[in-house]
Amino acid sequence: MHRVEQVMGFPVSLRVDDIEGSDAIDVVSEAGDAVFAWLREVDERFSPFKPGSEVSRYGRGELPVSRLSADLVEILGLCERYRVATGGAFDARLPGRGFDPCAIVKGWSVQRAAERLTAAGAGRFCLNAGGDVVVGGGPWRVGIRHPEIADKVCTVLELTDGAVATSARYERGDHIVDGRTGLAATGLLSVSVVASTLTEADAVATAAFAMGRDGVDWAAGLAGCEVYAVDAERSVVRTAGLPSVGAGAGAGA
């Protein structure tokens with residue numbers, strides 16, 4: 001099964017390979033429906049760009065913590081965890097922007113979607129949400145896009161069960177802000193993080209990018225995380241355990 005839909009402002013691609021028999025096909029198809037329904041629900045509930053969402057209402061002070069959903073309480077906890085861990089470089093409450101937990105919500109919600117697939121019996125799958133990927137039952141090969149040349153990759157990873165997320169400037173420019181300074185983070189061109197879940201991979205990649213060059217060492221020091229980064233001087237840093245199986249164009253090409 002292969003499906004692609006536009007959700008939360010980016011394409012989401014789902015591929016499930018281990019389907020045998022009509023009953024299995026029906027079960028996996030229903031699981032696919034549940035995946036996209038969940039992501040659409042997340043968009044309605046947690047988008048800061050929708051005035052009626054729970055996130056927007058909370059951000060405007062209309063909802064006390066006692067009335068928040070368990071999901072939003074979990075997201076708030078993750079936002080605070082990474083704010084503290086980065087000394088404020090990662091912050092969902094930036095002056096002039098209001099409360100915006102998108103950097104947490106994306107990976108968290110796609111990881112939840114992947115867990116729905118696993119619960120439905122999908123053993124081999126790849127869920128790609130705008131370039132952030134969670135896989136099961138590999139090996140799967142995932143390319144890391146060159147930060148300056150759109151049709152080239154810097155390296156190719158091989159993942160069995162896990163996730164990889166990339167934060168970079170190539171899609172949305174200088175959109176990630178260092179919460180310590182209030183200025184755009186410009187020390188890195190891109191940083192990719194491999195972790196056991198996309199919740200962690202996406203949050204760590206964004207947090208590391210916000211920290212700048214120091215963020216690479218910070219992310220690399222986290223248990224279970226592997227890192228591939230290109231800094232502003234186009235130097236490449238990769239951790240020893242990165243599951244890389246091949247290189248495309250070098251970062252300076």
Is [Y] paired with [X] through a side-chain N to carboxylate O contact shorter than 4.0 Å?
| X | Y | value |
| --- | --- | --- |
| Glu80 | Arg83 | yes |
| Arg112 | Glu74 | yes |
| Arg3 | Asp33 | yes |

Do [X] and [Y] have side chains that get closer than 4.5 Å, going by heavy atoms?
| X | Y | value |
| --- | --- | --- |
| Val110 | Leu127 | yes |
| Leu117 | Leu14 | yes |
| Val177 | Arg97 | yes |
| Leu188 | Arg213 | yes |
| Val164 | Ile144 | yes |
| Val216 | Asp231 | no |
| Val230 | Glu148 | no |

Backbone N or O of [Y] within a donor-acceptor pair of the [X] side chain at under 3.5 Å?
| X | Y | answer |
| --- | --- | --- |
| Asp161 | Gly137 | yes |
| Ser13 | Asn128 | no |
| Ser167 | Val191 | no |
| Asp132 | Thr166 | yes |
| Lys106 | Ala129 | yes |
| Ser56 | Gly52 | no |
| Glu158 | Pro139 | no |
| Arg15 | Arg124 | no |

(request) Tell me, with the steps shown, if Arg238 and Thr155 meet side chain to side chain contact (heavy atoms under 4.5 Å, CB included). (result) CA-CA 10 Å; Arg238 68 176 80 201; Thr155 193; 3.8 Å; yes
(message) Does either side chain, that of Arg45 or that of Ser69, offer a donor lying less than 3.5 Å from an acceptor on the other one?
(response)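 Distance-only check passes for Arg45 and Ser69.
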Hey, what do you get for [atom1] ([X]) to [atom2] ([Y]), rounding to the nearest 0.5 Å?
| X | Y | atom1 | atom2 | value |
| --- | --- | --- | --- | --- |
| Trp218 | Met211 | CH2 | CE | 6.5 Å |
| Ile75 | Thr199 | CD1 | OG1 | 9.5 Å |
| Ser29 | Met1 | OG | CE | 6.5 Å |

(request) Could you tell me which non-hydrogen atom of Pro243 sits nearest to which non-hydrogen atom of Leu159, and how far apart they are? (result)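 Looking at all heavy atoms of both residues, the closest pair is CG-CD2, 3.7 Å.
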(request) Would you sort out whether Val194 and Tyr228 count as a side chain to side chain contact (heavy atoms under 4.5 Å, CB included), showing the intermediate values? (result) CA-CA 9 Å; Val194 177; Tyr228 182 96; over 6 Å; no
Taking a hydrophobic cluster as the set of Ile, Leu, Val, Met, Phe, Trp and Tyr residues connected by side-chain heavy atoms closer than 4.5 Å, whether directly or through intermediates, do [X] and [Y] fall within one such cluster?
| X | Y | result |
| --- | --- | --- |
| Val7 | Val4 | no |
| Val153 | Val245 | yes |
| Leu94 | Val55 | no |
| Val134 | Phe10 | yes |

(message) side chain to side chain contact (heavy atoms under 4.5 Å, CB included) for Leu68 and Leu76? Distances and angles first, verdict last.
(response) CA-CA 10 Å; Leu68 299 182; Leu76 288 171; 3.5 Å; yes
(request) Would you list the pairs meeting ring pair (Phe, Tyr, Trp, His ring centres under 6.0 Å) in which at least one residue belongs to residues 60-110, sequence neighbours left out? (result)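 Residue pairs with at least one partner in residues 60-110: Trp38-Trp108, Phe46-Trp108, Tyr58-Phe99.
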(request) Quick one: do Asp202 and Gln111 satisfy side chain to side chain contact (heavy atoms under 4.5 Å, CB included)? Show the steps, please. (result) CA-CA 10 Å; Asp202 198 18; Gln111 180 62 40; over 6 Å; no
